[in-house]
2 protein chains.
Amino acid sequence: MEDGTSRSLGYCVDTDADYDARQWDTREDCEVRQILDRIADKWSLLVIALLDRRSLRFTELRREVDGISQRMLARTLRHLERDGLVTRTVYPTVPPRVDYELTPLGATLHETIRALVSWTETHQNEIATARSAYDVRIADEQRQAEREAERRETMGRRVSASRG
Amino acid sequence: MEDGTSRSLGYCVDTDADYDARQWDTREDCEVRQILDRIADKWSLLVIALLDRRSLRFTELRREVDGISQRMLARTLRHLERDGLVTRTVYPTVPPRVDYELTPLGATLHETIRALVSWTETHQNEIATARSAYDVRIADEQRQAEREAERRETMGRRVSASRG
DNA sequence: CTGAATCCGCTACGATACTG
DNA sequence: CAGTATCGTAGCGGATTCAG
């Protein structure tokens with residue numbers, strides 16, 4: 001499971017450091033990529049962000065994370081727990097109560113996630129602008145291409161006519 | 001497409017700022033979540049990270065990003081281009097050559113991505129440890145539960161015997 | 001209330017073939 | 001070389017049901 005072999009620790013140091021020295025291992029089975037895929041998924045980010053403020057119960061999370069299914073929330077939480085990012089505390093009351101809380105490790109992760117979210121918030125307008133600009137450009141190019149095709153079509157007919 | 005309405009700019013400010021003032025909008029149709037889902041996906045992170053060092057051609061990227069299919073690379077690049085994160089430069093030579101390069105906006109994003117990758121590299125051992133600990137604990141609990149079930153089974157038989 | 005388990009549609013993805 | 005188009009499939013994820 002943990003395969004603490006020496007093959008790779010998830011990153012690699014460029015042996016010939018041409019320009020910037022360190023480049024991270026992009027291999028598919030690389031540990032870093034696996035962790036990244038896990039934490040950078042749709043729901044984990046949200047859950048971690050929400051748990052930063054205070055511990056939450058299962059249902060509270062379910063309510064706060066719009067659109068998540070029970071299944072995916074449970075799955076996400078189990079993954080986060082397994083990775084040591086959240087703790088799961090069961091109070092043997094009736095009805096049962098389960099609290100989820102960020103571990104110190106999870107808290108450090110939240111810092112960088114917050115940076116990512118901040119970036120998104122800061123630049124969402126730029127992105128929206130870029131998107132519409134792109135869409136307009138593509139639409140233009142398509143119209144252009146159609147005109148071009150039509151023109152070539154006409155030329156082709158003319159050539160055929162002169163040939164025939 | 002850009003719907004620059006006033007409904008939501010992707011974040012919201014808590015009207016009653018009980019504790020921490022700002023909480024980002026977790027609604028599913030929220031702009032921030034959409035952007036986040038887009039940039040925090042499996043391939044975008046890798047592509048942006050690779051393009052930080054220098055511009056790359058399509059095939060170079062394909063080679064460097066282990067495991068990506070032609071289809072997904074093309075799609076990812078188009079998304080990034082649309083979001084204004086990379087530029088696509090076509091050299092009308094033969095054979096054709098297309099260079100992809102990070103825009104200034106993309107470069108700023110790479111900063112926060114680098115932070116995320118760094119976090120992963122720094123803490124991957126902790127995560128690996130947490131994982132094996134979790135796996136062991138789960139296995140133990142399962143064995144425990146099995147013993148428990150067996151014990152109850154025996155008890156049940158004894159009760160049945162005394163009843164019968 | 002907090003899940004686990006089952007069923008299942010859907011689509012995202014990879015493989016392949018084709019175009020310019 | 002740099003893609004698009006088409007197709008088949010595995011697995012994601014939602015709805016539902018059951019259990020503790």
Side-chain angles (χ1 to χ4, degrees), chain A residues 28-29 33-34 37-38 40-47 51 55-82 86-101 138 141-142 144-146 148-149 152-153 156, chain B residues 28 33-34 37-38 40-44 46-47 51 55-82 86-101 134 138 141-142 144-146 148-149 151-153 156:
Chain A
E28 198 157 17
D29 61 346
R33 277 205 26 197
Q34 286 175 9
D37 288 350
R38 173 63 48 83
D41 86 301
K42 183 169 179 158
W43 302 120
S44 299
L45 287 177
L46 284 168
V47 169
L51 284 178
S55 72
L56 291 173
R57 304 181 54 174
F58 187 86
T59 311
E60 290 177 317
L61 278 168
R62 186 152 163 53
R63 228 190 338 268
E64 293 227 48
V65 182
D66 179 46
I68 196 171
S69 68
Q70 201 177 32
R71 176 199 168 97
M72 290 317 291
L73 179 55
R75 174 192 280 262
T76 301
L77 285 170
R78 252 180 295 122
H79 285 160
L80 294 178
E81 186 195 2
R82 178 167 183 265
V86 309
T87 57
R88 178 173 178 275
T89 313
V90 182
Y91 298 100
T93 61
V94 46
R97 172 201 179 92
V98 180
D99 273 17
Y100 292 93
E101 190 172 11
I138 294 299
E141 282 174 10
Q142 222 151 54
Q144 185 71 24
E146 275 162 25
E148 193 71 16
R152 256 197 305 258
E153 175 80 9
Chain B
E28 198 158 17
R33 280 214 10 208
Q34 286 175 10
D37 288 351
R38 172 64 47 86
D41 86 301
K42 183 169 180 159
W43 302 120
S44 299
L46 284 167
V47 169
L51 284 178
S55 71
L56 291 173
R57 304 179 56 170
F58 188 86
T59 311
E60 290 176 320
L61 278 168
R62 186 151 163 54
R63 227 191 339 266
E64 294 228 45
V65 181
D66 179 45
I68 197 170
S69 66
Q70 202 175 29
R71 176 200 169 99
M72 289 316 291
L73 179 56
R75 175 190 279 262
T76 300
L77 286 170
R78 253 182 296 122
H79 286 159
L80 294 178
E81 185 194 4
R82 181 165 117 96
V86 308
T87 57
R88 177 172 179 276
T89 313
V90 183
Y91 298 99
T93 60
V94 45
R97 172 200 179 93
V98 180
D99 273 16
Y100 292 94
E101 190 171 9
Y134 178 89
I138 294 299
E141 282 174 11
Q142 225 151 53
Q144 185 72 23
E146 275 163 25
E148 193 71 17
R151 197 169 63 81
R152 259 198 303 260
E153 174 81 8

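None of these values were measured; they are calculated from a predicted model. So that the names make sense, note that chain A is the first sequence line, chain B the second, and so on, each numbered from 1.
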Below 4.0 Å: OP1/OP2 of dA2(D) and any side-chain N or O of Thr59(B) = yes

Which whole-number value in Å describes the distance from Ile138(A) CD1 to dG3(D) C1'?
-> 13 Å

Output all residues satisfying side-chain hydrogen bond (donor to acceptor under 3.5 Å, both in side chains) with Arg97(A), sequence neighbours left out; order by chain, then residue number.
-> Asp99(A)

Under 4.0 Å between any heavy atoms, over every strand shown, what does Arg62(A) touch: base, sugar-phosphate, or nothing? Just pick one.
-> nothing

Please list, by residue number, the residues of residues 67-78 of chain B whose heavy atoms come closer than 4.0 Å to an atom of DNA chain D; answer none if no residue qualifies.
-> Gln70(B), Arg71(B), Ala74(B), Arg78(B)

Results of side-chain hydrogen bond (donor to acceptor under 3.5 Å, both in side chains) for Gln142(A) - residues two or more places apart only | none

For Asp37(A) and dC12(D), give me the distance from atom CG to atom C1', rounded to whole Å.
-> 14 Å

By side-chain contact (heavy atoms from CB on, under 4.5 Å), Arg75(A) pairs with (sequence neighbours left out) Arg71(A), Met72(A), Arg78(A), His79(A)

Ignoring backbone atoms, establish whether Tyr100(A) has a side-chain N or O less than 4.0 Å from OP1 or OP2 of dG3(C).
-> yes

Can you list the residues that meet the side-chain hydrogen bond (donor to acceptor under 3.5 Å, both in side chains) rule with Tyr134(B), with sequence neighbours excluded?
-> none

Rounded to whole angstrom units, what separation is found between the CG atom of Asp66(A) and the C1' atom of dG14(D)?
-> 14 Å

Across all chains, not counting sequence neighbours, the salt bridge (charged side-chain N to carboxylate O under 4.0 Å, His left out) partners of Glu101(A) are none

